Each structure stands twice: as structure tokens, then as C-alpha cells.
Amino acid sequence: MSSVVASTKDSNAMCPKAVELVLVKEQNGVQLTNSTLVSPPQPPVETQERETWGKKVDFLLSVIGFAVDLANVWRFPYLCYKNGGGAFLVPYLFFMVIAGMPLFYMELALGQFNREGAAGVWKICPVLKAEAQCGGRLRSTSFTLEKTSHRKRLGSVVTASEAVLPRGSYRGLACRPMLALSDAPAQINFGASSFAFKAWPSVRAEVNGGHRVATSPVGTGRAPVDGAVPSTGVGFTVILISLYVGFFYNVIIAWALHYLFSSFAVALPWTHCNNTWNSARCADDPAGNASGRPGLNHSFQTTPAAEYFERGVLHLHESHGIDDLGPPRWQLTSCLLLVVTLLYFSLWKGVKTSGKVVWITATMPYVVLFALLLRGITLPGAVDGIKAYLSVDFHRLREASVWIDAATQICFSLGLGFGVLIAFSSYNEFTNNCYRDAIITTSVNSLTSFSSGFVVFSFLGYMAQKHSVPIADVAKDGPGLIFIIYPEALATLPLSSAWAAVFFVMLLTLGIDSAMGGMESVITGLTDEFQLLHRHRELFTLFIVLVTFLLSLFCVTNGGIYVFTLLDHFAAGTSILFGVLIEAIGVAWLYGVWQFSDDIKQMTGQRPSLYWRLCWKFVSPCFLLFVVVVSVVTSRPPHYGDYVFPEWANALGWAVAASSMSLVPVYAAYKLCSLPGSLREKVAYAITPEKEHELVDGGEVRQFTVSERPLSPRPGRRQSITGKLGG
């Protein structure tokens, strides 16, 4: 027996090591019976562990706080009333069960298993056997060792027992974070002799050196989720969409903050027409409030609340359209600056700080909603409003628009496709029960949406009776409901300033939660992808906050409401549905439902049932494809009141939507062009996770049957069977 020690050094000078090969000579060759890495004395290398939530409840509150926003509290009750009252719950619950919950569950599992943000989960990261500080783990395997010195080739079987290989240590393994060994030989030199070894095509060396690795008690770290071409692009798609949403969503919070400051006045400024911004059309008690823009009646009079929002806050009367924005208003700019400052100090230290903030921002809305409900049901006309909310008209279910509204509401109210759920769950412990979390959070989300309708329509019934108009005249969608109708109702109550302050505190906390989630998606997704940004998270967070603030200034100008409406219509409409569709296809058809179920079993100890697998494989992709097609076919140009946007503005809006969606095909085209081989080989490699590329080398594609014949051989490639259909 002889022992040879070969000195090796990582190409990045991270972990210099020596490999000790214990050789036993035989008659016709040599047999390697063991191999170990011998580390010379050196200072310990600190590894950077991934941050986790301080408490389990921090994660749940963060997810609930993000998902429960204005789309739940205000838009759902309006859609329910508009689409047949209680009958609307039929399509809503149907789509929630077959698509909403499965997709929500899928995103939570993706983030938790991979421990990466929205961009990182769509890259191949090998399953590690244990924590890798300076390199990865090579699974116990067998490969052929051939002695090549003195022109003699003596083959023998070699067994390697789970050797740790630092990245860049060996020729043929150097400088690649993840390598699938094929027939191509690699050599290890020992003085005058050299040994060329080659692995069988079914054997895979999984090396992840020089990267931050998050491990679990079962030895599973960052996962091979999807090596397919389109899905890496979708990671950046959802990040860009979250960034776009931040440009205008923060403005809603700034409006709420402006109203909050105004609520501390003795007399609320939207209760009378004696303000400098009021016009001659303002009437303290208009005769009606019929159709048109919120607050506009048959005689073209407006309410003080409507004029306060459009003239006192927005200064819309000083702009003629989107081509006449004017300067930013200093009042709104100050409120916006305060909002982004609050966001920065909530996010700069990661989930350790944001997890504490949500104890207030996620729970406060429920306290306020309960208080408003107790007050609302005691108002005259409240019962009529609640009856209108719950009235059942099953004949409306024959209309396709009702089902379309239910489908789109599911996607937007749950926050699917923004990358937030992936980012939040990536900070969970590996063994966290993501299935339970998905059930809890989606159930709370739906119950909040339904119960908030009682709060909204109790006050709308009161306003309808007060002005002697039908409820349809006061039940309006959009900003008019929360910034015109509701403040007007609160102004008529005793202690109106106190009620108004409480109401706008609730809006502020609702908005902060969602804004924190969207910004965390951007920060986590990019810092996980680029380690330089991760090392300087505080500065990068400041950069993102400043960029968001500067671009949001367009929305606080005199004509800022037009920019706001344009972004609201195009930035996260069809594009977010498209992103979720690509996510579902990537998991179900490229990575495979069966493998995805194995990943979940490693985390929770239980494989998802057949119901969830069928939803992921067939139901959810079909549902999303239907919603995407319908959203494109039924798309209409945006408008604000009577203002119609010019053609160039609509073209700009579609350019914003296309800029995020185009990242998927652009990256796919780039990847196809960069892959070697024929077109068939490019497609085969493109649809196969990189950890299975050695199967493609043998002509086998797990996901799809590429051809009836094996792929054309390359040097060193063995012929194999054709692809198989796999899940």
C-alpha cells in the first residue's frame, strides 16, 4: 500500500487543501480504496449563514400583511357587489381552491427549499450532502481510474468515499460551481505519473464552491429547481414588476399620510367649501351623487370631499393631461420622502427588523376594521348596505365577466408573481411546514376580504340613505372610494377627526406592509444573485429606496394622477399573470412535479397529495393561460374620469408591460444561442435542468421525448435511449 499526497489550491485562493489518495497496487493496475482531503493548518474560515426569521409568527404576519392590502379590503367587496353579491363567492372560492392555494403553496415551497430570492430559485443549485464551507460534497460514487504513465493504460475500478472537492482543485473540475461529469477524462498529476479518470454518464459530481450555502438538518441546501431556459428570465421579470409597482404604490401611502396629517385639524378640510382650492361648483350638500367621477351629480356639482382630493391634494385642476405634469407638489413630496424613509429603516437590516415592524403594521388594520365595523352597523342605512353586499343573483354566473373578475382578483389579492412569497419563505427554516403556512395565509386572506365587505357597505348604505340615492351611486371602484366616499362618511360622525385619523392609520399600515414586501422582493432577489450587493445590503437598500423615490416624483406632480393611472393599468396587469404562468410551467413541466414533490417531502416529511400534483401539473397552468389570454383580449385603454389618454401614452404603457415580459424570451434566446450543438441539442439542454445534462449527453431527456433517435454523438458521448416522459 502506498500513500500519495497531491497539493491543491482553489483558484480563488479560498481554501487551499491537499488530497490524500491511498492506493493499493494490483497485478493489472491500481485500485483507489479511499480519498480524503487534508487541510493544512490555517485560520478558520467563517461562513455566511442565511438570515432567518426571528420568530415563526414574524413570517406569517409578513405574508399576511403583504397579501392583505387595498385589493382585499376595498376592491373585493366592490367586485362582490358588482357581480351578483353572494353569488360571486362561487367562482371566487372555486378558483381559490384549484389555482390560488396551489400557486401560493408552490411559491412558498420554492423559496423555502432553495433559500434564494425570486431570481436565484430559477437557477440550478445542486443538492448538497452537508454544509460546504470551501467547496462542495462529491456524492459517493464509482468511476474508472486509468494509469497513463509510461504509455500504459491499466484500467481498474476506483471508489471515492464522499470526498470534498474545493472548486478549481483539479483539471476538468476547475472554476465551475456545478459540474456534471461525463465521458471527458480529467487528470490528477502525481510527479512523473498521471491518472486520468472518467465517470460513467449516470454519475454526477455536484460541486458548489465559493458560494454561500444554506444547509438543513437533512443535509439539503440550495436546490436544483429549474435549469430550463425561460425560468431564469422570469425571476428578473417579477423583480422588475415589483420595482414598477413601487413607483406608484408608495404614492398611495403618501396620500394616506397627507390625509392623516389633515385629520388632526379641528374641522376636517373636506367637510366644507370655504377652502382656497374649492371651485364654484362645490356644494356642501349636493342634491345627488349619480354617475360619472366620484362626487359628481346630475347638476354637475361636486362634494367638498371630491374637491379636496382632486384639487386640494392632487391639484389636478392645474394640469391639462399627462403631457402637462407640472412640478412635484411639496406637500406630497414631503409625505413621499417620509414614506420611503420609513421603508428604508424597516428593511435595511433584513427580516430581523421588518419582522418586528409587521407586529404593528399587520395587526393594526384588523383592530381598526373591527372598530369601524362596530361603528358602521349602528349607522342608519347600514342594514340596506349589507343586504346589497350579500344579495345573491345566481343568474350573473352566466356572464363570463364575473368569472374573469374572480380569476384576476385571486391572482392580485394573494400577491402571486411578485416574488415576495418566494423572498419571505427563503428566510424560513428548512423544515418549516410550508403547506400549513399556505393554508393559513390564504384562508386568512379570503376571510379578511369577505369580512371587510361588511365594514365598507355598512358605511356605503349610510351614505346612500343620507343623500337619498341608490347604493350604486356611492359604490365606486378605485381611489374615489377610499379617498372621497369614505372620508365624507367619517366626517359626518361624532368625533370625526378621531375616526378619520384611525381610518388613515389603517390605510397607512396596509400600504406599508405591501410596499415592504415588494421592496424586499427586489432586494432579496438581487442580493442573492450578486454577492457584492449582499455584502453591502444597507447601501443597496438605500439605492433602491432612492431610485423608487425619484421616479415616484412623477406621480406627485399636478398631473401625477395620470402617471399613476397609467402605471396602475400597465405595470402589473397582464405582465404579472404572464410571470406566474411561466413559473407554473417551469415547476410543473420543466423541473417536474414529481421532483418538486420530493423536495417538499424533504422539508415537511410528507409528499403532497395527488390533488396538489394535479393542480400544479394541469389545472393551474390552464387556469393561468386562460386568464392571460382573457386579459389581453378584453384589455381596454386606461382613463381617469372623462380624461382619455393619448395614443403615445398607451404605447408607453404597453412598452412598460413588455419590458418585464420580454426578459423571458430574451434570456431564452440568449441561452439557446450560447449553448453548443445542433438546434435539437440546444432545445434538449434548454428544457433540462443542468444537474441532468449528463442524461442529455446520452440522448435521454427526462421531461420530453425530443426525437425517436438518440442525439448525434459528440466525442466521448455514449449512445443511449431516447427521452422519456417524466413529471
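Computed from a predicted structure; not experimentally measured.
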[X] and [Y]: side chain donor to acceptor below 3.5 Å:
{"X": "Y366", "Y": "T448", "answer": "yes"}
{"X": "S449", "Y": "N72", "answer": "yes"}
{"X": "Y244", "Y": "S575", "answer": "no"}
{"X": "N558", "Y": "R329", "answer": "yes"}
{"X": "Y308", "Y": "S262", "answer": "yes"}

Does atom [atom1] ([X]) have a neighbourhood of more than 12 heavy atoms from anything else shown, all under 6.0 Å?
{"X": "M364", "atom1": "CE", "answer": "no"}
{"X": "K352", "atom1": "NZ", "answer": "yes"}
{"X": "L546", "atom1": "CG", "answer": "yes"}
{"X": "K55", "atom1": "NZ", "answer": "no"}
{"X": "F549", "atom1": "CZ", "answer": "yes"}
{"X": "H639", "atom1": "NE2", "answer": "no"}

Does any N or O in the side chain of [X] come within less than 3.5 Å of the main-chain N or O of [Y], such that one atom is a donor and the other an acceptor?
{"X": "S446", "Y": "S443", "result": "no"}
{"X": "D69", "Y": "S413", "result": "no"}
{"X": "D324", "Y": "H320", "result": "yes"}
{"X": "T524", "Y": "S521", "result": "no"}
{"X": "W270", "Y": "I484", "result": "no"}

For the pair L460 and Y81, evaluate side chain to side chain contact (heavy atoms under 4.5 Å, CB included) and give the outcome as yes or no after the intermediate values.
CA-CA 12 Å; L460 291 183; Y81 165 75; over 6 Å; no

Given the options F459, F457, Y462, Y486 meets ring pair (Phe, Tyr, Trp, His ring centres under 6.0 Å) only with F459

Kindly compute the distance separating [atom1] ([X]) from [atom2] ([Y]), expressed to the nearest 0.5 Å.
{"X": "C555", "Y": "F247", "atom1": "SG", "atom2": "CZ", "result": "9.5 Å"}
{"X": "I404", "Y": "T408", "atom1": "CD1", "atom2": "OG1", "result": "8.0 Å"}
{"X": "C335", "Y": "N250", "atom1": "SG", "atom2": "CG", "result": "12.5 Å"}
{"X": "D393", "Y": "N83", "atom1": "CG", "atom2": "CG", "result": "10.0 Å"}

Under the rule for salt bridge (Lys or Arg N to Asp or Glu O under 4.0 Å), what residues qualify as partners of [X], not counting sequence neighbours?
{"X": "D405", "answer": "K82"}
{"X": "D384", "answer": "none"}
{"X": "E520", "answer": "R537"}

Do P91 and L397 touch side chain to side chain, with heavy atoms closer than 4.5 Å?
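Of all side-chain heavy-atom pairs linking L397 with P91, at least one is under 4.5 Å.
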
Is there a side-chain contact between L414 and M96 in this structure, where contact means two heavy atoms from C-beta onward sitting under 4.5 Å apart?
yes

Step by step, would you call F309 with F483 a ring-ring contact (aromatic ring centres under 6.0 Å, His included)?
CA-CA 7 Å; F309 178 64; F483 290 107; 5.5 Å; yes

Below 6.0 angstrom between ring centroids: does that apply to [X] and [Y]?
{"X": "F76", "Y": "Y92", "value": "yes"}
{"X": "F59", "Y": "F424", "value": "no"}
{"X": "F248", "Y": "F564", "value": "yes"}

Set out, in order, the CA-CA distance, both residues' side-chain angles and the distance that settles side chain to side chain contact (heavy atoms under 4.5 Å, CB included) for L260 and V505, then state yes or no.
CA-CA 7 Å; L260 177 62; V505 165; 3.7 Å; yes

Yes or no on salt bridge (Lys or Arg N to Asp or Glu O under 4.0 Å) for E488 and K466, after CA distance, side-chain angles and deciding distance?
CA-CA 11 Å; E488 183 180 355; K466 182 176 182 296; 5.7 Å; no

